[in-house]
Amino acid sequence: MMRCAFSFIKDQLVSILKGYDLSEGFEGRITVEPPKDLSHGDMATNAAMVLCKQVGQNPRQFAEDLKQKLEKISGIESIDIAGPGFINMRLTKSFWLDRLRDILQAGTSYGDSDQGASHKVNVEYVSANPTGPMHVGHTRGAVLGDVLCNLLAKVGYDVTREYYINDAGSQIDVLAESAYLRYLEALGEDIGEIPSGLYPGDYLVPVGQKLKDEFNISLKSLDKASRAEKIKPVVLSMMMEMIRCDLDLLGVVHDVFTSEQELRDSGAVDRALKVLEDKDLLYIGVLEPPKGKKPDDWEERPQTLFKSTEFGDDVDRPIKKSDGSWTYFAPDIAYHYDKFARGFTSMIDILGADHGGYVKRIQSATRAVSDDKASLDVQICQLVNLMEGGVPVKMSKRAGNIVTLKDIVEKVGKDVVRFMMVTRKNDTTLDFDLKKALEQSKDNPIFYVQYAHARCCSVFQHALEMFDSEGLEDLALSESDFEGLENDAELNLLKMLSHWPRVVDSAASHHEPHRLAYYLFDVAGALHGLWSMGRDDANLRFLLEDDLVKTKARLALLRACSIIIASGLHVFGIKPVEEMR
RNA sequence: GCGCCCGUAGCUCAGCAGGAUAGAGCAACUGACUUCUAAUCAGUAGGUCGGGGGUUCGAAUCCUCCCGGGCGCGCCA
């Protein structure tokens with residue numbers, strides 16, 4: 001595994017600092033990072049400002065002291081002390097050229113790290129109710145979850161991708177009843193308009209047909225409850241099949257599907273609640289009505305509550321309805337308990353915007369049920385506003401003109417959908433413009449990035465006329481002479497590329513894959529800029545007929561650039577394109 | 001009423017665990033196509049980081065109050 005340039009220098013700095021009398025854990029407080037302004041140098045550290053008090057010096061004094069020692073490190077060319085006590089380091093050219101070698105040797109595994117140290121982490125995402133096809137709203141969570149998993153795997157976590165099937169509860173009764181109508185329809189009856197409250201979508205038509213094939217007319221003689229028992233397994237398996245197809249279109253995969261009904265049937269819910277009861281965290285109580293929005297039919301009713309307030313929640317939360325049956329929260333507790341029992345102490349849930357109010361209670365329950373050993377991070381995906389050329393696409397569930405995941409993927413393609421869905425922080429709403437997503441311009445980030453990759457590949461096609469193909473292999477290139485890289489644009493691109501491990505690291509530890517998207521956009525910009533310099537000055541082109549050594553150095557840089565872009569797109573689950581014509 | 005999230009250029013948004021003169025893209029304006037793909041590039045212009053207070057060497061970032069928007073708040077999941 002390649003050392004990140006920044007952590008390499010930081011390690012050197014830390015070992016120098018160990019010669020001072022500093023308090024435990026000082027490493028975590030100091031940073032070595034690229035300065036905002038390139039003219040300040042390659043790397044800056046705040047160490048002198050942060051730690052000067054401990055050594056009883058003023059920051060500039062301490063910085064001066066550290067400077068003397070840092071200057072002896074090979075790879076550091078010069079050091080300036082600036083502002084309140086920043087230590088700005090400029091690294092030698094050969095230090096950076098070595099990074100180019102690293103990238104070529106590591107290939108797309110450049111940026112991999114052992115941050116996760118093979119710890120198990122469980123990521124639950126999508127978890128759309130099995131009552132219909134997936135729509136736009138689900139897509140964002142699906143992509144975020146999938147990409148986050150890729151990212152965590154890249155930094156060394158042992159990732160399990162999980163889907164929770166909400167196949168119990170009243171929405172499934174409604175589903176069964178809706179399917180029953182379609183069954184009657186399949187038998188030739190006129191069912192008229194689907195009554196409100198039932199699922200109107202025609203995706204249930206094949207389910208009606210299947211029920212007819214399986215049961216003939218026998219369902220008609222059963223009462224509502226017993227026919228529902230017959231219908232549910234059929235409709236649920238067909239719905240899950242449909243969802244799996246939708247996910248497949250997006251290229252989203254899961255390792256484990258957990259059924260809520262099975263948790264209920266297996267006694268897992270009872271066992272989880274027993275754990276809470278033994279800790280004295282359950283009681284019978286009466287909830288206050290929500291202020292300012294008191295339901296008309298509100299009346300006080302005692303129900304079983306979980307003391308989530310002991311874990312920082314605002315009110316205690318019901319786990320049983322007033323009739324004694326479980327709320328959805330109860331099996332959810334069981335589910336997270338089950339994850340803990342399977343050895344997961346790190347869990348991530350990706351939920352939709354309407355679950356915002358749910359975060360504290362499920363985190364509380366996870367802590368309670370695991371004796372505070374497991375932690376749960378919840379990422380809430382805000383809404384996606386679907387647009388077409390700047391105009392919102394009108395959707396109405398009732399009218400049945402919901403835009404489905406399938407519609408979108410068929411329209412713009414899976415790779416485009418995937419990239420667009422993670423170009424924003426998940427906790428802000430996202431405008432997804434179908435027209436813009438297909439545009440071939442800088443306004444469309446995925447196009448811009450892909451185009452940069454294609455350009456790199458294009459030069460290599462031409463290079464085959466100058467070199468034999470073995471000489472252009474990554475390992476062969478990595479052994480070339482890179483001294484010919486000398487202008488600022490080239491070296492700046494190289495420096496930017498060697499930031500990649502930092503970017504991956506920070507995106508992974510913050511669970512924020514969108515950072516990668518912005519970084520890739522920047523890399524693409526740097527590449528396009530470098531490219532265009534060759535138009536004004538033929539000596540700045542990548543391929544120079546009369547200087548094969550320099551050409552090879554430039555090809556190496558170009559190759560590194562395409563490696564980084566490919567590596568980033570790989571995390572997004574997107575195939576880099578090699579040609580655009 | 002309470003909780004969570006958001007508020008940064010005309011528009012859409014970045015801003016990494018507080019760091020230096022707050023950055024991109026679009027739109028606007030100026031310039032560059034006999035090319036390794038101009039599907040692009042270079043440049044100009046545009047901001048009291050919603051507002052007030054606080055914490056400190058230093059705040060868009062942390063705390064607090066207020067304003068504006070979104071989501072949610074027992075028998076839907």
Side-chain angles (χ1 to χ4, degrees), chain A residues 28-29 31 33-37 40 44 46 49-50 52 58-59 82-86 88 127 129 131 166 168-172 174 260 286-295 297-301 303 305 313-315 317-318 320-323 325 327-329 331-332 352-360 380 382-383 390 423-425 427-429 431 433 436 439-445 447-448 451-452 454-455 458-463 502-503 505-507 509-510 512 514-515 517-519 521-522 525 528-536 538 541-543 554 558 579-581:
Chain A
R29 299 179 53 207
T31 57
E33 52 194 4
K36 262 182 206 159
D37 189 339
H40 289 140
N46 60 358
M49 291 178 290
V50 171
C52 61
N58 75 47
F86 286 100
N88 290 328
S127 302
N129 285 344
T131 54
N166 288 117
S170 59
Q171 86 279 8
I172 302 303
V174 172
E260 177 185 352
V286 175
L287 281 176
E288 299 274 318
K291 297 213 166 53
K293 187 208 150 188
K294 185 169 174 173
D297 59 346
W298 181 272
E299 47 182 287
E300 293 193 348
R301 283 169 184 163
Q303 52 193 145
L305 303 174
D313 202 354
D314 317 300
V315 289
R317 303 293 179 174
K320 282 190 182 174
K321 301 174 189 171
S322 54
D323 67 1
S325 64
T327 64
Y328 67 97
F329 186 34
D332 244 17
D354 52 344
H355 287 66
Y358 188 58
V359 177
K360 281 187 185 172
I380 296 291
Q382 286 300 332
L383 304 175
T423 49
R424 292 280 177 269
K425 274 195 301 246
D427 47 17
T428 60
T429 56
D431 289 342
D433 196 308
K436 197 163 276 184
E439 212 169 278
Q440 303 210 322
S441 76
K442 195 174 182 179
D443 202 16
N444 178 2
F447 167 77
Y448 189 70
Y451 184 36
R455 276 186 151 173
S458 160
V459 177
F460 268 75
Q461 283 306 312
H462 289 274
R502 279 187 89 244
V503 176
D505 225 59
S506 78
S509 50
H510 289 82
E512 290 186 348
H514 74 275
R515 293 185 188 189
Y518 281 90
Y519 170 81
F521 189 81
D522 287 344
H528 290 307
L530 184 58
W531 179 288
S532 300
M533 291 174 71
R535 274 201 310 255
D536 300 329
R541 294 196 181 181
F542 297 106
L543 303 178
R554 289 180 177 173
L558 215 47
E579 194 178 39
M580 286 182 168
R581 286 283 175 189

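Atoms considered below: every heavy atom in the structure, side chains included; atoms not considered: hydrogens, waters and symmetry mates. Reminder, nothing fancy here: chain letters follow the sequence lines and each chain counts from 1.
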*Side chain of A/Ser170: nearest nucleotide among B/rA20, B/rC76, B/rG15?*
B/rC76
*How far does the C1' atom of B/rG46 sit from the matching atom of B/rG51, given to the nearest Å?*
23 Å
*Euclidean distance for C1', B/rC71 against B/rC63 (whole angstrom)*: 25 Å
*Under 5.5 Å between ring centres and under 30° between planes: true for A/Phe521 and the base of B/rA24?*
no
_For A/Glu260 and A/His514, find the nucleotide of RNA chain B closest to each by heavy atoms; which residue's nucleotide sits nearer the 5' end?_
A/His514
*asked:* Go nucleotide by nucleotide along RNA chain B from the 5' end; which of A/Ser322 and A/Val459 gets its closest nucleotide reached first?
replied: A/Val459
*If you round to the nearest 0.5 Å, how far is CZ of A/Phe542 from CE of A/Met533?*
9.5 Å
*List for me each residue that meets ring-ring contact (aromatic ring centres under 6.0 Å, His included) alongside A/Tyr451, sequence neighbours excluded, and say none if there are none.*
A/Phe447, A/His528
*B/rA20 base to A/Asn46 side chain: any donor-acceptor pair below 3.5 Å?*
no
*Looking only at atom C1', what distance separates B/rG3 and B/rU48, rounded to whole Å?*
31 Å
*At under 4.0 Å between heavy atoms, what does A/Val50 touch on the DNA or RNA strands: base, sugar-phosphate, or nothing?*
base
*Can you tell me the pairing partner of B/rG1 across any strand shown, Watson-Crick or G-U wobble, with both distances under 3.5 angstrom?*
B/rC73
_Distance check, P atoms only: B/rU44 and B/rC49, in whole angstrom units._
23 Å
*Parallel, tilted or perpendicular: which describes the rings of A/Tyr328 and A/Tyr358, with under 30° parallel and over 60° perpendicular?*
tilted
*Given side-chain contact (heavy atoms from CB on, under 4.5 Å), test A/Thr31 with A/Asn46 step by step and report yes or no.*
CA-CA 6 Å; A/Thr31 57; A/Asn46 60 358; 3.4 Å; yes
*Contact pattern, 5' to 3', of nucleotides 42-51 of chain B - B, S or - by protein heavy atom under 4.0 Å*: ----------
*Among B/rG3, B/rU40, B/rA20, which is the nearest nucleotide to the side chain of A/Ala82?*
B/rA20
_Suppose you measure atom C1' in B/rG70 against the same atom in B/rG50; what distance do you get, rounded to whole Å?_
16 Å
*Are a donor atom and an acceptor atom from the side chains of A/Ser441 and A/Asp443 found within less than 3.5 Å of each other?*
no
*When the P atoms of B/rG43 and B/rC26 are considered, how many whole Å apart are they?*
14 Å
*A/Arg455 CZ to B/rU37 P, straight-line distance once rounded to whole Å*: 8 Å
*asked:* Under a 3.5 Å cut-off for both contacts, is B/rG18 paired Watson-Crick or G-U wobble with anything, and if yes, with which nucleotide?
replied: none
*Determine the interatomic distance between P on B/rU64 and the same-named atom on B/rA28; round to the nearest Å.*
44 Å
*State the pairing partner of B/rG43; accept Watson-Crick or G-U wobble contacts with both distances under 3.5 Å, and report none otherwise.*
B/rC29
_Please name the nucleotide paired to B/rG53 by Watson-Crick or G-U wobble geometry with both distances under 3.5 Å, or report none._
B/rC63
_Starting the side chain at C-beta, find the nucleotide from B/rU40, B/rC6, B/rG74 nearest to A/Asp427._
B/rC6
_Under 3.5 Å on both distances, the Watson-Crick or G-U partner of B/rA9_ = none
*In whole angstrom, give me the gap between the C1' atoms of B/rG7 and B/rC41.*
34 Å
*With respect to the side chain of A/Lys321, which nucleotide from B/rG25, B/rU40, B/rC76 is positioned closest?*
B/rC76
_Partner lookup for B/rG58, please. Criteria are Watson-Crick or G-U wobble with both distances under 3.5 angstrom; report none if nothing qualifies._
none
*Could you state the CG-P distance from A/Asp354 to B/rG3, rounded to the nearest angstrom?*
21 Å
*B/rU48: pairing nucleotide in any strand, Watson-Crick or G-U under 3.5 angstrom*: none
*A/Glu33 side chain: which of B/rC41, B/rC4, B/rC16 is closest?*
B/rC16
*A/Ala454 near the nucleic acid: base, sugar-phosphate alone, or nothing, with a heavy-atom cut-off under 4.0 Å?*
base
*Would A/His40 pass as stacked on B/rA20, i.e. its ring centre under 5.5 Å from the base's six-membered ring centre and planes under 30° apart?*
yes
*asked:* What is the separation between atom CD on A/Gln382 and atom P on B/rC5, rounded to the nearest whole Å?
replied: 11 Å
*Check the pair A/Phe329, A/Arg317 against side-chain contact (heavy atoms from CB on, under 4.5 Å), reporting the backbone distance first and the verdict last.*
CA-CA 8 Å; A/Phe329 186 34; A/Arg317 303 293 179 174; 3.8 Å; yes
Nucleotides 8-13 of chain B: which of its N/O atoms have a protein N/O under 3.5 Å away?
| residue | atom | partner | partner atom | Å |
| --- | --- | --- | --- | --- |
| B/rU12 | O2' | A/Arg424 | NH2 | 3.0 |
| B/rC13 | O2' | A/Arg424 | NH1 | 3.2 |
| B/rC13 | O2' | A/Tyr518 | OH | 2.4 |

